[in-house]
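Below: one structure, written as structure tokens.
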Amino acid sequence: MVEIQLDGQTVEVLEGSTVMHAAEKAGAYIPHFCYHKKLSIAANCRMCLVDVEKAPKPLPACATPVTQGMVVHTKSDKALKAQQGVMEFLLINHPLDCPICDQGGECQLQDLAVGYGGSGSRYEEEKRVVFHKDVGPLISMQEMSRCIHCTRCVRFGQEVAGVMELGMSHRGEHSEIETFVGMSVDSELSGNMIDICPVGALTSKPFRYSARTWELSRRKSISPHDSTGANLVVQVKQNKVMRVLPLENESVNECWLADRDRFSYEALNTSDRLTSPMIKQGGQWREVDWQTALEYVANGLNQIRQDHGAASLGALVSPHSTVEELYLAGLLMRRLGSDNIDHRLRHAEFMPFESARWLGTSIASLSKLQAALVVGSNLRKDHPLFAMRLRHAAKHGAKLMSLNSSTQLSAQDAWAMPLAGSLLGAPAEWLGMLSELAAAIAQTKGSTLPAGVNAPAQISAMAQRMADALLAGERKAILLGNAAAHHAQASSLLAVAQWIGAQTGATVGYLTEAANTVGAQLVGAQPLNGGLHAGQMLSGAAKAVLLLGTEPEFDSAQGARAKAGLNQAQMVVTLSPFKANMDFSDVLLPIAPFSETPGTFVNAEGRIQSFHAVVKPLGETRPAWKVLRVLGNMLSLPGFEQESSAEVLAQALGPVPEGEGARFAAADLLGNLTKAQPAAASGVSEPVTAAIYQLDGIVRRAPSLQLTADARTAASLEQQEVSA
């Protein structure tokens, strides 16, 4: 440790720290623009100049390492004059357009200009003009004359997102931040550049000129998309979600958001929202009141149960639904006498439930791994924030390896991080490739492969190199992605991965697909006693089907074939925030999206995160847990007396201790070799996974996200498949 004096206060910091780090520890604010705690040091704005005793001139706090006995003054006349001089230079070319700037009210330059700027300018020449640039549907670069060349956006792309899409061209007053050769900014984390821009140069294109920051209410929430469980600040005006920003949580999303989490709010305000219950009569949809709609559903379920038995009733539920909704959907089915409920719509193999499949480690630990093997994941698009953490680990020497499909994006460039090894092949070959890796580990250690794992005649150099990487170091993980979870041999892949983990000391877990995949397992939103699984129900095995927050045509492995299967049912009831499933549904019940209901998600690491509604339900929309509770009452079923979502949560998960981060982290993973019943390798097809902006109904309906390069590429590939 090094001890310094900062503004008369003694501060102890680690050797190698900077004066800025010491000031942060001491609680002293030093003005700055280019410095950001998550980015490398650039020292190009010079706003953080401080007075260091025995130094001939002021020094930048962000780039000056501390030394034993150093004496620093951040508020002396020398420091203040230096900071005021820098501010005068920064404002020379900055347009004085604060009244119309979209960043007004939350602009770092505006705030610091009040304290360090002059009342007038000595600069009388013309200000420079930088022409605007179109870089895509999410980021606006209309006002690049405001740019102060802090290069935060450039460093973010290079260091955090892994793709240097922005750079600085030219020199002096001709310097500009721009893309290379007129390209667009297509990173799945690009919206973070808006947050870290200290001036109004980069702004949100969907939000631009729609509200002033001081008009917005700020409310906490949790992302309903992938399994990170990113913490959100949802900004609201006149009962309408206007913008979504990250809420800093170092254990989950740090201070970042994926674009999927940031811009999907647009769907909440589209004309596709379902605002009142609807019943199909004579092939025509008509709006009805809630009493009529629920009586229709209750009578229909009772009649079908009488005619065909309770086993003819089923529920297909979304893993993006809350714990409370999933618990009540399962309770409803089981009190009706049916075990037919499933959230695994994209799966090809349906093993009996034993225990929750989760990450196997904490999210924060991904940044500190020394080696990791990712099986069956287009990591960067499936889990952008997990990819960011693994990218950080790779930058610090971790050896990352991939086992993936040769038809998927799995190369080093696609993951935007260096890979130490990669095994590529068709899905039917994955179990063989993983077995080859296990054989290489067994050969190196002199251990015996378990029964059921077939060792290849010859081990490839790549498999041996990957085995050596997994055997070295201490902090290691084997992570199975969406494609591995949806694979026809999922249980066998998991079993071999578990053996490898046991031999190498690596944790084994699933990245998990959706916001509440782990929660769905914990509340039993899948068959527990031999009921029909999702594949059977989608093929027409159920006579009455409840669809909770899901659109099987887009959310299931059956795809368009799901329509034919559900058309065989006598009654299909859709509970959705949107006008969905209208081709084969008989009843549409408008339920609240995450922004209009309280609820709870359990993320990939088992972290339980509850949230409140941030706006009132739109029209006649109702929270799904209330709809299911009332439906249970109308069917005269016991156990539907809850008065609040908190009561439902307590019943679903038991008492949750305050601040418990990963309550269910001790759960065992599912599956082993003796219980695995893998499909024949010749019958294994490409696992069904969702494109980055097709993951769920909210994302699919966000206009700006559907204009991105990722969405256009996915649409083009889908069109090619349809044509073929």
Side-chain angles (χ1 to χ4, degrees), residues 1-94 107-125 127-128 146-155 158-159 168 170-177 196-199:
M1 299 291 285
V2 176
E3 191 176 277
I4 71 168
Q5 291 288 320
L6 192 141
D7 292 338
Q9 180 181 353
T10 301
V11 185
E12 267 194 343
V13 291
L14 291 171
E15 188 175 354
S17 300
T18 65
V19 173
M20 185 70 80
H21 296 141
E24 287 178 345
K25 185 173 182 179
Y29 178 74
I30 299 176
H32 60 273
F33 293 113
C34 68
Y35 171 77
H36 190 281
K37 62 183 179 180
K38 297 289 184 181
L39 303 176
S40 63
I41 301 299
N44 53 10
C45 77
R46 318 308 282 184
M47 190 65 210
C48 64
L49 292 176
V50 293
D51 179 9
V52 178
E53 286 190 7
K54 299 182 181 178
K57 59 183 180 179
L59 300 176
C62 69
T64 302
V66 295
T67 57
Q68 183 64 36
M70 176 186 280
V71 180
V72 180
H73 304 282
T74 67
K75 301 290 188 291
S76 66
D77 286 344
K78 185 177 181 181
L80 289 175
K81 285 181 180 178
Q83 293 162 3
Q84 290 166 356
V86 170
M87 178 60 71
E88 183 177 19
F89 278 113
L90 287 174
L91 293 176
I92 277 178
N93 273 310
H94 197 84
C107 172
Q108 212 171 328
L109 180 64
Q110 188 182 57
D111 294 342
L112 292 180
V114 173
Y116 299 90
S119 58
S121 174
R122 293 178 288 175
Y123 184 78
E124 297 179 351
E125 287 75 12
K127 291 179 179 285
R128 76 175 195 149
R146 300 171 184 159
C147 179
I148 61 171
H149 304 147
C150 69
T151 68
R152 278 185 178 184
C153 56
V154 178
R155 284 175 285 145
Q158 189 173 21
E159 299 166 13
M168 184 181 292
H170 312 304
R171 301 182 69 182
E173 71 166 4
H174 302 293
S175 298
E176 293 185 31
I177 299 292
I196 62 176
C197 180
V199 296

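This chain uses plain numbering: 1 for the first residue, then up along the sequence. In this text the structure is predicted, and so the values were computed from the model without any measurement. Basis for what follows: all heavy atoms, side chains included, without hydrogens, waters or symmetry-related copies.
At least one side-chain heavy atom of T18 sits less than 4.5 Å from a side-chain heavy atom of H21. Using a 4.5 Å heavy-atom cutoff, the side chains of Q5 and T10 are in contact. Contact annotation: the side chain of M87 approaches that of F33 to within less than 4.5 Å [non-hydrogen atoms, C-beta and beyond]. With a 4.5 Å cut-off on side-chain heavy atoms, I92 and E173 do not count as touching. At least one side-chain heavy atom of Q108 sits under 4.5 Å from a side-chain heavy atom of H32. The shortest distance between side-chain heavy atoms of L59 and V19 does not fall below 4.5 Å.
From C34, atom SG reaches atom CZ of R46 across 8.0 Å, with rounding to the nearest 0.5 Å. Summarising the geometry, atom CD belonging to E15 is positioned 10.5 Å from atom OG1 belonging to T67; distances are rounded to the nearest 0.5 Å. Note that CG of L39 and CD of Q158 are 10.5 Å apart. Values are rounded to the nearest 0.5 Å. Note: I148 CD1 to C197 SG = 7.5 Å, rounded to the nearest 0.5 Å. Once rounded to the nearest 0.5 Å, the distance linking CG of D7 with OG1 of T74 reads 3.5 Å. To the nearest 0.5 angstrom, K75 atom NZ is 13.0 Å from D77 atom CG.
Checking side-chain atoms of R152 against main-chain N and O of I196 turns up a donor-acceptor pair under 3.5 Å. For the pair S76 (side chain) and A79 (backbone), a donor-acceptor distance under 3.5 Å is present. Side-chain N or O atoms of R146 include none that pairs as donor or acceptor with a backbone N or O of H94 at under 3.5 Å. Under a 3.5 Å cut-off, the side chain of Q83 and the backbone N or O of Y116 do not form any donor-acceptor pair. The closest donor-acceptor contact from the side chain of R155 to the backbone of I41 lies at 3.5 Å or more, if one exists at all.
Of all the heavy atoms in C62 and C48, the pair that sits closest is N-SG, 3.4 Å. Summarising the geometry of C150 relative to N44, their closest heavy-atom pair is O-OD1, 3.4 Å, with the distance given to 0.1 Å. When every heavy atom of A22 is checked against every heavy atom of I4, the shortest pair comes out as CB-CD1, 3.6 Å. Nearest heavy-atom pair across K127 and N93 is CA-OD1, 3.4 Å. Between P58 and A82, the shortest heavy-atom contact is CG-CB, 3.8 Å. The two residues V86 and C45 have their closest heavy-atom pair at CG1-O, 3.3 Å.
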Working for side-chain contact (heavy atoms from CB on, under 4.5 Å), residues H174 and R128: CA-CA 8 Å; H174 302 293; R128 76 175 195 149; 5.7 Å; no
Tell me, with the steps shown, if V2 and E12 meet side-chain contact (heavy atoms from CB on, under 4.5 Å). CA-CA 6 Å; V2 176; E12 267 194 343; over 6 Å; no
Would you check, one step at a time, whether the test side-chain contact (heavy atoms from CB on, under 4.5 Å) holds for L91 with S121? CA-CA 8 Å; L91 293 176; S121 174; over 6 Å; no
Step by step, would you call E3 with Q68 a side-chain contact (heavy atoms from CB on, under 4.5 Å)? CA-CA 5 Å; E3 191 176 277; Q68 183 64 36; 3.6 Å; yes
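More than 12 non-hydrogen atoms from other residues, nucleotides or ligands lie less than 6.0 angstrom from OH of Y123. K81 NZ: 12 or fewer foreign heavy atoms inside a 6.0 Å radius.
A search for side chain to side chain donor-acceptor pair (under 3.5 Å) contacts involving E53 returns H73, not counting sequence neighbours.
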